[in-house]
Structure formats: C-alpha cells, structure tokens
Protein chains: 2
Amino acid sequence: MAKRHELMKGSVDSLLLHLIAQQPMYGYQIIKELERRSQGYFKFREGTLYPALHRLEKAGLLLSRWQTLPSGQQRRYYYITDKGNRVLVEKRNQWQEFLVAVNLIVQPADA
Amino acid sequence: MAKRHELMKGSVDSLLLHLIAQQPMYGYQIIKELERRSQGYFKFREGTLYPALHRLEKAGLLLSRWQTLPSGQQRRYYYITDKGNRVLVEKRNQWQEFLVAVNLIVQPADA
DNA sequence: TATAATGCATAGCTATTCTATGTATTTTAA
DNA sequence: TTAAAATACATAGAATAGCTATGCATTATA
C-alpha cells in the first residue's frame with residue numbers, strides 16, 4: 001500500500017507541506033504550530049520532524065535557509081518549492097480519494 | 001505518532017475490523033471485497049493481509065475457523081470478537097478525531 | 001542560579017507494509 | 001484435454017517511517 005498510496009504510511013509529509021506552504025517556518029515553530037492549530041492533537045517529536053524535513057528537502061519539495069536573529073540565535077527556516085507545491089496539490093487529491101475509499105468500506109452503500 | 005494515534009501508521013487494521021464486523025470473511029474474499037467496495041482503490045497484497053489477520057487474531061480482536069467446502073476446499077473464516085467490536089468503536093472515534101485535526105491544519109480557521 | 005523553554009540533530013529500535021516467493025486446488029478457455 | 005487463470009493460505013526478507021532516547025547550545029523565567 002505504502003508505495004502507491006503514501007497516505008497510509010502517514011500523513012506527516014502532507015501536513016508539513018500544507019503548513020509550510022501557508023508560511024515558511026522553522027522546525028521548533030512547526031511543532032508548536034501543529035499542536036496549537038490542531039488543539040493539542042498533533043505533538044510531533046523531534047525524531048519525527050527533523051528527519052522528515054530533511055527527507056522533504058532532499059526530495060526537492062522544501063528548501064531551507066539559516067537565519068540569524070539579532071540575539072545571535074540560529075534558526076533554520078523551511079520554504080516550499082515549486083515542486084513542493086505541485087506535490088502538495090497531488091497529495092491533496094490523493095487524500096480526498098483515500099477518504100472516499102475509506103468511507104466506501106466503513107459505510108457501504110451495498111453490503 | 002504511531003503509538004498514540006495508530007491511524008497514522010496505517011488504516012489496515014481498522015479497515016479489516018470494519019469489514020469483518022459487517023460479515024465474517026476469509027482472506028481471499030477480504031482482498032476482493034475491499035477492492036470491489038472501494039471501486040478498485042484498495043488492492044491488498046497477501047503480504048499485508050495475512051500477517052495483519054494473524055496479528056489481529058493474536059490480539060484477540062478476531063478469531064478464525066477453518067471451513068471445508070463440499071468440494072473439499074479449505075477456507076479460513078475470520079470473525080470479530082467482543083473485544084474486536086469494542087476496539088472498532090474506539091478506532092472509529094479516533095479516526096474522526098484525526099480527520100478533525102487534519103482539517104484544522106489543511107484548512108486553518110486562523111493562520 | 002537553577003529550571004524550563006527554545007532550537008537543531010542523530011542513533012537505534014520497532015512495527016508495518018511491500019516484494020517475492022512457495023504450495024495446492026479448482027475453474028475456465030483454448 | 002490440458003494449459004492457464006483464479007482461488008486460497010502462508011512466510012521470509014527488505015525498506016521505511018515514526019518513536020524513544022539522547023546530545024548540545026542558547027535564552028528566558030522563576
């Protein structure tokens with residue numbers, strides 16, 4: 001399943017693309033934003049987030065730039081790429097198809 | 001994520017419980033039924049299905065009984081248990097919560 | 001001044017799903 | 001009638017994802 005409908009193995013990549021497409025963000029901010037917006041539902045771990053971000057950057061869907069605050073603090077901001085936006089549209093469609101399929105199983109029109 | 005919201009790691013177990021709760025089935029039939037009802041979307045592989053069924057049986061959510069057809073053909077039918085039904089209700093609620101959370105990210109009320 | 005929060009990162013574990021097989025029987029089509 | 005396709009169950013091995021646990025460093029708070 002995973003190869004053909006990546007949604008099943010997790011929605012992490014999609015969620016990250018959605019979020020970063022709305023606004024460039026850095027890792028820690030992503031964790032907090034996902035938690036805030038989902039009203040506490042999503043609590044990403046670093047061990048989930050950072051490898052995912054690196055994976056998405058390596059795939060050319062995101063790109064990152066280090067930014068230095070006046071305080072000297074370093075932050076790594078992630079931006080979505082054109083390719084990332086195209087994939088995002090695809091993933092959104094796939095998600096809808098997946099929901100339809102699940103509903104056909106869970107609430108069958110015919111048994 | 002996987003430990004707290006199993007849905008993310010895949011919906012295989014939920015789909016199987018839903019299906020078998022509606023009607024006891026054997027493995028091959030499950031593969032065909034999932035494909036038919038989802039209009040071709042779900043195409044479970046044996047390597048996905050059978051380990052999953054064994055897993056669910058071991059967890060006490062399903063139980064199986066061999067049945068012999070007049071032709072002599074053997075089929076292993078799976079039935080949902082009481083525990084399986086309870087877990088099914090839980091999973092359905094979790095799935096709804098997950099959908100709500102995803103929508104809050106994908107279509108944010110506030111950005 | 002200790003603790004919590006911010007900020008990035010990786011190593012190792014476990015679980016899940018896939019691919020690729022294997023075996024055997026029954027039905028269908030050439 | 002016989003080859004091929006469908007039916008039916010099963011597992012080994014590989015890939016991958018997400019988790020736990022940990023490390024380091026800085027800044028804000030109690």
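In what follows, every chain begins at residue 1, and chains take the letters A, B, ... in the order their sequences are listed.
Ion pair B:R55/B:D13 flagged as a salt bridge, since at least one NZ, NE, NH1 or NH2 atom sits closer than 4.0 Å to an Asp/Glu carboxylate oxygen.
Listed pair A:R55 / D:dG18 meets the phosphate criterion, a side-chain N or O lying under 4.0 Å from OP1 or OP2.
Every residue two or more places apart in sequence or in another chain that forms a side-chain hydrogen bond (donor to acceptor under 3.5 Å, both in side chains) with A:S64 is listed here: A:E57, A:R76.
Atom CG in A:L16 sits about 12 Å away from atom C1' in D:dG18, given to the nearest Å. Note: CG (B:L49) to P (D:dT7) measures 15 Å, nearest angstrom. Look at CZ on A:R45: it is 17 Å from C1' on C:dT10, rounded to the nearest Å. When rounded to the nearest whole Å, the span between CE of B:M25 and P of D:dT7 equals 15 Å. When rounded to the nearest whole Å, the span between CD1 of B:I31 and P of D:dA6 equals 14 Å. The CZ-C1' distance, from B:R65 to D:dC9, rounds to 19 Å in whole Å. In this structure, CZ of A:F44 is placed 16 Å from C1' of D:dT20, rounded to the nearest angstrom. The interatomic distance linking A:L53 (CG) with C:dT10 (C1') rounds to 14 Å, in whole Å.
For the pair A:Y78/A:L53, a side-chain contact is recorded, criterion being any heavy-atom separation below 4.5 Å from C-beta on. With a 4.5 Å cut-off on side-chain heavy atoms, A:L16 and A:L34 count as touching.
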Between N or O atoms, less than 3.5 Å apart, protein on one side and nucleotides 3-8 of chain C on the other: list the pairs.
| unit_1 | atom_1 | unit_2 | atom_2 | d |
| --- | --- | --- | --- | --- |
| C:dT6 | OP2 | A:Y28 | OH | 2.2 |
| C:dT6 | O5' | A:Y28 | OH | 2.9 |
| C:dG7 | OP1 | A:R75 | NE | 2.8 |
| C:dG7 | OP1 | A:R75 | NH2 | 2.5 |
| C:dG7 | OP2 | A:Y26 | OH | 2.7 |
| C:dC8 | OP1 | A:R76 | N | 2.9 |
| C:dC8 | OP2 | A:G27 | N | 3.2 |
| C:dC8 | OP2 | A:Y28 | N | 2.6 |
| C:dC8 | OP2 | A:Y50 | OH | 3.1 |

Stepwise side-chain contact (heavy atoms from CB on, under 4.5 Å) check, A:K32 with A:M25: CA-CA 11 Å; A:K32 294 300 167 192; A:M25 287 190 192; over 6 Å; no
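Ring orientation note: the planes of A:Y41 and B:F98 are tilted relative to one another, at an angle of 30° to 60°.
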